[in-house]
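I have placed the structure first, in the form of structure tokens, so that the comments after it can refer back to it.
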Amino acid sequence: MGQLSQVVLDGIVLGGFYALIAQGLSLVFGVMGVLNLAHGECVLIGAYLAWTAQHYLGIDPLVALPVIMVLGFGFGWVLCKTLVGRVVERPPLMSLLLTFGIGAVAQGVLLRLFSSTPRVTTTSYSDDVVNVFGLTIPTPRAFMLLGAVVILVLTWALLNRTRVGRSIQAAAQNKAAARVVGIDIGAVYAIAFGIGIALVFAGGTLLGSAQGFYPFLGPLLTMKAFAIVVLGGVGRMTGTVLAAMVIGLIETMLASYVPSVGTGLGIAAAFILVVLVLVVRPNGISGGKQVTAGV
Amino acid sequence: MSSGTPTIGTAPHQKAADRLSAAPARGLASSRFADPRLRAGLFAAGLAALLVTPAFGLNNSALLLLSTVFMWIGLTSSWNIISGFTGYVDFGHGVFFGIGGYTAGLLVTHVDMPFWYTVPLAPVAGLVFALLVGYPLLRLRGVYFSIAMLGAFMAMRELALVFRDFTGGSGGIIFKAVIDRTLFYYVFLGIAVAVVLGTVWLRRSQLGSSMLAVRENEIGAEARGINTTAVKLTAFCVSGAITALIGSLWAYQTAFIDPAIMFRDILLINLALMVTLGGLGTVWGPALGATVFILLRETLWGTEGEDFLLFFGVALIVVVLVLPKGIVGSLADRAHLARARRAGKEDGR
Amino acid sequence: MTALLMAEGVTCRFGGLVALDAVDFHVGEGEIVGLIGPNGSGKSTLLSCLSAGRRADAGRIRLSGRDITRRRPSTVARMGLTRTFQDARVFGELTVTENVLLSRDWTRLPSFGLLRPPERAARERAAMLLDLVGLGGLAGEKAGSLSGGQQRLLELVMAMMPGPKVVMLDEATSGVNPALIAELSQHLRLLHREERVSFVIVEHNVGFVFGMADRIVVLQQGRVLAEGPPAEVKSNQEVIDAYLGA
Ligand SMILES: Nc1ncnc2c1ncn2[C@@H]1O[C@H](COP(=O)(O)OP(=O)(O)OP(=O)(O)O)[C@@H](O)[C@H]1O
Ligand SMILES: [Mg+2]
């Protein structure tokens, strides 16, 4: 404990997870302008899916991961086509309220199905550790970081190297123009939302074997992801990753260096950081889309 | 002075509009409720009835139900000032409720102040917090502000939990119980009436118009000489101070506070739901939404059971999709439409 | 020479694009200045910088000798420099009268005036200005239900309401019925005479602006291409090539 390099490593691992879920939020927000307040609940749905697969079917989360991501994509796609897509063009409050409602429903359903008892997805390697340069990481956390990196790289490739990805980016930059060149904007929204949810389902799956989770964790995760998106600048993957690392590091440092109260201050620290950054740099660490009212 | 000059823009529908304002308005929403004297009369009569109600031996649970309605009218109407009038939708407004409760609780436990002395200090605490947080956050655009406030809310809950030597942590703070339903009935009634009348008056004042202007176009409002930062901050401070006041009273009524109940997520959902149901940014919508919602919940649901999250979530989704402008907003739209249609008919003749 | 509005070396960049390149611009007392130039030449940007809506990257702007470069836009408006927008920015949810009353002279508000409905004098001035442009009959309507041309006229009234020293109009004639443009110029002349206000008129309607202005400034790619009395500018070969055409 307390050894700086270990703390930094822990922070990076946590940051990798945050980067994954923040990227999902950022993608949806960047493309649709919808801030998904049910984001954290979606992470939890992923976690509970993995838990269920392990608990009842004995499938390892890493094996289930691709399937869960496909489910996530489908879930996001359907959610967008049935509910979220209807409010995209309306005032932002409507999508906030709607996703707030979706989050509440998800929380209620999770409570019903799994009760408020914390769960952990136990695997054959749950108690193992990996040694790196004399530092240790529990194996599930190592997989969390590894999985996050792989998925983020694949997402980057998808967004920048494929036709679909470029349509998404075009729509994010200019909806009207995207329409003119014949991009089906409704489909783009659904795909972007699907990808976003697939990312957080993956995040949940990886998180679930690394630490305990329970239905009320959702808003906390949403907030962290939001703080990261603001810090990093909307729609900038490098910014998001950087900001996620910052938040991850701050959190682990608080936990190890601030006696007794540090572990409980994750949100407060992230929030204060966001406020400070916004005062100094209204458009986030790396610039990007305008965040302030412009007056 | 412009007698000789022909006027610009003498479009046909201008004449229609002239006729409109001259003709006695007919139809449901416009005719009966448009008369301000009638509205004031109805309001006074209703208020008188509510004032004498406790004298008729209502049982405690009925009194509690009514004072809950009043409390929510106060909360929704004050939330509406920042969220509805200026359009900066505050998704963490519960933070003020918590701050109010904790201001009272901490003063009572640490300074041993009599409770009623702490009541005026709670809104001051809310105001100071609104100033500190509002200055940086009100520069953010709509959605960012909303969720940043949610962050403020969660951060304050965390702080209340973590600094347990000071706040009592999750163990909370116990007040000396004062169980006087009639007293709270009148207190919350007074707050509800004051806030609703304040809203009516605000909507007519220049400050209120400036808030609406900020909601519609901030850069445009600034160009018209309105200091938009000052307007937003004022709305936020007023809104936060009222909510903090209600929070402190609620804490007193409940006689116990802890982070989980003073900073309740459900409060945020309730606020958003009731105000959307009634009509965000309208004068009477929040009060109506609160009343309808609480009475409905009471009859359909009883107490907040296990599945209340599910229930609220579904209700919120349905309201957003079916009645996005709320009851008052939709009625106003219909009245407007009817008026326009009538004007069109008269034009056609 | 001390002009009423005096801008020196105003520079404004959008990323790599230099929208205004060290522009000098001034408006004298009671003067009507026409500001013309091709699309994207920086006219609207110049108005934004002058009214403090956008902070200039370099340069100094003074109004009646006082530096306004780093003031809030609302402060500048209160000091007597108001504008309209190319996309008329009226408040659709408020009535026409409320729109005008919002744009009053805030510095002359009676004590606690903000907390009260607007006072009699302000109402009368609002009604007078609305009648002047023919919007009197629509005073009680929501501004959002007005036509595009009517909204422009309303915005003109809003800019006039506080009794400013300089009013800057960004394409006041666009979307206004051609038959009414002549009337608009009459109204502007009347206001100019009665209230002794200076105008800056950004226009693509060449006939209108050359008929109104005492002096014309031509912008091209963020620089002043030519400046002078209308007749002189009209015959300037560079201006003809760049903007007016043969
Ligand atoms: N917010 C902005 N961001 C980036 N570039 C901008 C912005 N506003 C204006 N520009 C650029 O600045 C230049 C000047 O624009 P401006 O609107 O001032 O032109 P204008 O002379 O008013 O043109 P028009 O006659 O079409 O109204 C243009 O090249 C425009 O693309
Ligand atoms: Mg322009």
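Throughout, a chain's letter reflects where its sequence line sits, starting with A, and its residues are numbered from 1. What you see below is based on every heavy atom in this structure, not just the backbone, and it leaves out hydrogens, waters and symmetry mates. These numbers come from a predicted model, not from an experiment.
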**Report entry** No-hydrogen, no-angle side-chain donor-acceptor test under 3.5 Å, E29(C) and S198(C)
**Finding:** no

Query raised in the report: Under a 4.5 Å heavy-atom cut-off, does chain B meet the side chain of E93(C), its backbone, both or neither?
Result: both

Query - Under 4.5 Å from any heavy atom of chain B - which part of V76(C) - result: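 Contact with chain B is absent: no heavy atom of V76(C) under 4.5 Å.
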
**Report entry** Salt bridge D67(C)-R60(C), side-chain N to carboxylate O under 4.0 Å
**Finding:** yes

Report task. Decide, yes or no, whether a salt bridge links R125(C) with E195(C) under the criterion of side-chain N to carboxylate O below 4.0 Å. Result ->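 A salt bridge is present here (some side-chain N lies under 4.0 Å from a carboxylate O).
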
Query raised in the report: Looking at S51(C), G140(C), A159(C), which makes the most heavy-atom pairs under 4.5 Å with chain B?
Result: A159(C)

**Report entry** When A139(C), A52(C), G149(C), G92(C) are compared by non-hydrogen pairs under 4.5 Å with chain B, the top option
**Finding:** G92(C)

Query raised in the report: Short question: side chain of E222(B), backbone of S74(C) - any donor-acceptor pair under 3.5 Å?
Result: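 Present.
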
